[in-house]
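Let me begin by presenting the structure, written as C-alpha cells, before commenting on it.
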Amino acid sequence: VADLAALVRVPSISGTAEENAIQDVLSARLAGDGLDVDTWPIPLAETLAAEDFPGVEVDRAEAWGTVGRLPGAGGGASLMLNAHVDVVPPGDLDPWGDQVPFSGTVSAEAVYGRGACDMKAGLVAALRAVRAVAALRVPLRGDLVLGTVVGEEDGGLGTYAMLRRGWRADACVIPEPTSLDIAPGNSGAL
C-alpha cells in the first residue's frame, strides 16, 4: 500500500517530465532488487517516424524505457511483466471532491489518486512479484523480465520502443485492471 501511495504521488501524466522521472525511480528500485537494468532514452524522432509505429496523442520532448531482468539459468521459457507508468490528466477537479488527484491518500478500503487503479496498482503487484522471486532466489530456467513503459495511455510508445530495443519473452502478463477477468488477448495498438 505504501509503495502504491508513493507512486500515485508522482503525477506521471503522459508527456510530462514526471512520466520520465518515475522511470528513474523504478530503474533504481529494480537495480536495488538485484535485477539487471536497461534504461535508455527512446529515440523519439526515429521511433515516431517508423512505418509501423502505432502513433501518439501527446507530444513529448523526451521519453525513457526501463527494463529489469532476473536472468534464468537457461533452458526455460521467459516471462515478461509489462506495466505502464503514465496516467491520463485528472480533468475537471470538481468530481474529485475532497480528494486531490495525486494525493496517494490511504483509507481502510482504498488508495486514492489518479493512476491508483490504472495502472500503478498493477505495476506495484509486478514489482512485488519480481522482488519476491529475487529475494527468495527462486531457481529460474528462463528469464523473468519487468518492463515499465511510458506512453501507453496514448498509443503504445513505450512497449513499441521496448520491442524495438530487442526485449522479448515467450509470454507476457500485463497487470492492467480488468475487474479480475483474464484477457488472453489485447485490442490495443500493438
Side-chain angles (χ1 to χ4, degrees), residues 3-4 6-33 35-50 52-70 78-89 102 113-131 143-178 183 185-190:
D3 282 350
L4 175 56
L7 289 178
V8 168
R9 289 183 191 111
V10 179
S12 53
I13 297 169
S14 300
T16 64
E18 290 84 359
E19 183 186 41
N20 296 314
I22 199 169
Q23 290 288 63
D24 290 337
V25 170
L26 293 168
S27 178
R29 166 117 182 230
L30 293 169
D33 287 344
L35 280 70
D36 299 333
V37 178
D38 181 17
T39 299
W40 70 97
I42 297 171
L44 286 174
E46 174 187 325
T47 304
L48 298 175
D52 61 343
F53 182 67
V56 293
E57 297 171 5
V58 175
D59 291 330
R60 289 175 174 80
E62 68 175 316
W64 288 80
T66 300
V67 172
R69 180 179 70 97
L70 235 141
S78 57
L79 174 65
M80 178 184 290
L81 304 175
N82 179 320
H84 69 85
V85 300
D86 60 315
V87 300
V88 297
F102 297 102
R114 174 59 83 209
C117 177
D118 183 12
M119 86 173 285
K120 290 180 180 178
L123 170 60
V124 169
L127 286 165
R128 285 298 184 151
V130 171
R131 176 182 273 178
D143 292 348
L144 177 58
V145 177
L146 173 55
T148 64
V149 297
V150 300
E152 299 306 294
E153 291 288 8
D154 72 307
L157 172 67
T159 297
Y160 180 88
M162 182 179 63
L163 294 171
R164 265 189 98 159
R165 190 154 172 95
W167 286 102
R168 300 282 190 282
D170 295 305
C172 181
V173 174
I174 302 169
E176 188 79 34
T178 61
N186 186 316
S187 61
L190 298 179

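Worth saying up front: this structure is predicted, and the values here are computed from it rather than measured.
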Should [X] and [Y] count as side-chain neighbours, where that means a heavy-atom distance under 4.5 Å?
| X | Y | answer |
| --- | --- | --- |
| R60 | I42 | no |
| E57 | E153 | no |
| L146 | V67 | no |
| L144 | R69 | no |
| L79 | D170 | no |
| E18 | V10 | yes |
| H84 | V150 | no |
| L30 | T66 | yes |

**Request:** Under the side chain to side chain contact (heavy atoms under 4.5 Å, CB included) rule, what do I13 and V88 come out as? Steps first, then yes or no, please.
**Result:** CA-CA 5 Å; I13 297 169; V88 297; over 6 Å; no
Within this structure, what is the [atom1]-[atom2] distance for the pair [X] and [Y], rounded to the nearest 0.5 Å?
| X | Y | atom1 | atom2 | value |
| --- | --- | --- | --- | --- |
| S12 | L26 | OG | CG | 9.0 Å |
| F53 | R164 | CZ | CZ | 9.5 Å |
| D24 | T39 | CG | OG1 | 7.5 Å |
| D86 | T16 | CG | OG1 | 9.0 Å |
| R128 | L4 | CZ | CG | 11.0 Å |

If every non-hydrogen atom of [X] is compared with every non-hydrogen atom of [Y], which pair is closest and at what distance?
| X | Y | result |
| --- | --- | --- |
| L35 | G68 | CD2-C, 3.6 Å |
| L123 | P175 | N-CG, 4.4 Å |
| P89 | R114 | O-NH2, 3.2 Å |
| M162 | G147 | SD-CA, 3.9 Å |
| P54 | Y160 | CD-CD1, 3.8 Å |
| L157 | A63 | CD2-CB, 3.9 Å |

**Message:** One pair to check against side-chain hydrogen bond (donor to acceptor under 3.5 Å, both in side chains): D143 and S78. What are the steps and the verdict?
**Reply:** CA-CA 5 Å; D143 292 348; S78 57; over 6 Å; no
Would you find a donor on one side and an acceptor on the other, under 3.5 Å apart, between the side chain of [X] and the backbone of [Y]?
| X | Y | answer |
| --- | --- | --- |
| N20 | E62 | yes |
| D3 | V124 | no |
| E176 | G122 | no |
| T159 | G156 | no |
| K120 | G115 | no |
| D154 | V58 | yes |
| S27 | Q23 | no |
| E152 | G158 | yes |

**Item:** Listed partners of F102 passing ring-ring contact (aromatic ring centres under 6.0 Å, His included), at least two apart
**Value:** none
**Request:** Go through the steps for V85 and V149 under the test side chain to side chain contact (heavy atoms under 4.5 Å, CB included), then give the verdict.
**Result:** CA-CA 6 Å; V85 300; V149 297; over 6 Å; no
**Prompt:** Does any donor atom in the side chain of D38 or W167 lie under 3.5 Å from an acceptor atom in the other side chain?
**Reply:**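 Short answer, yes.
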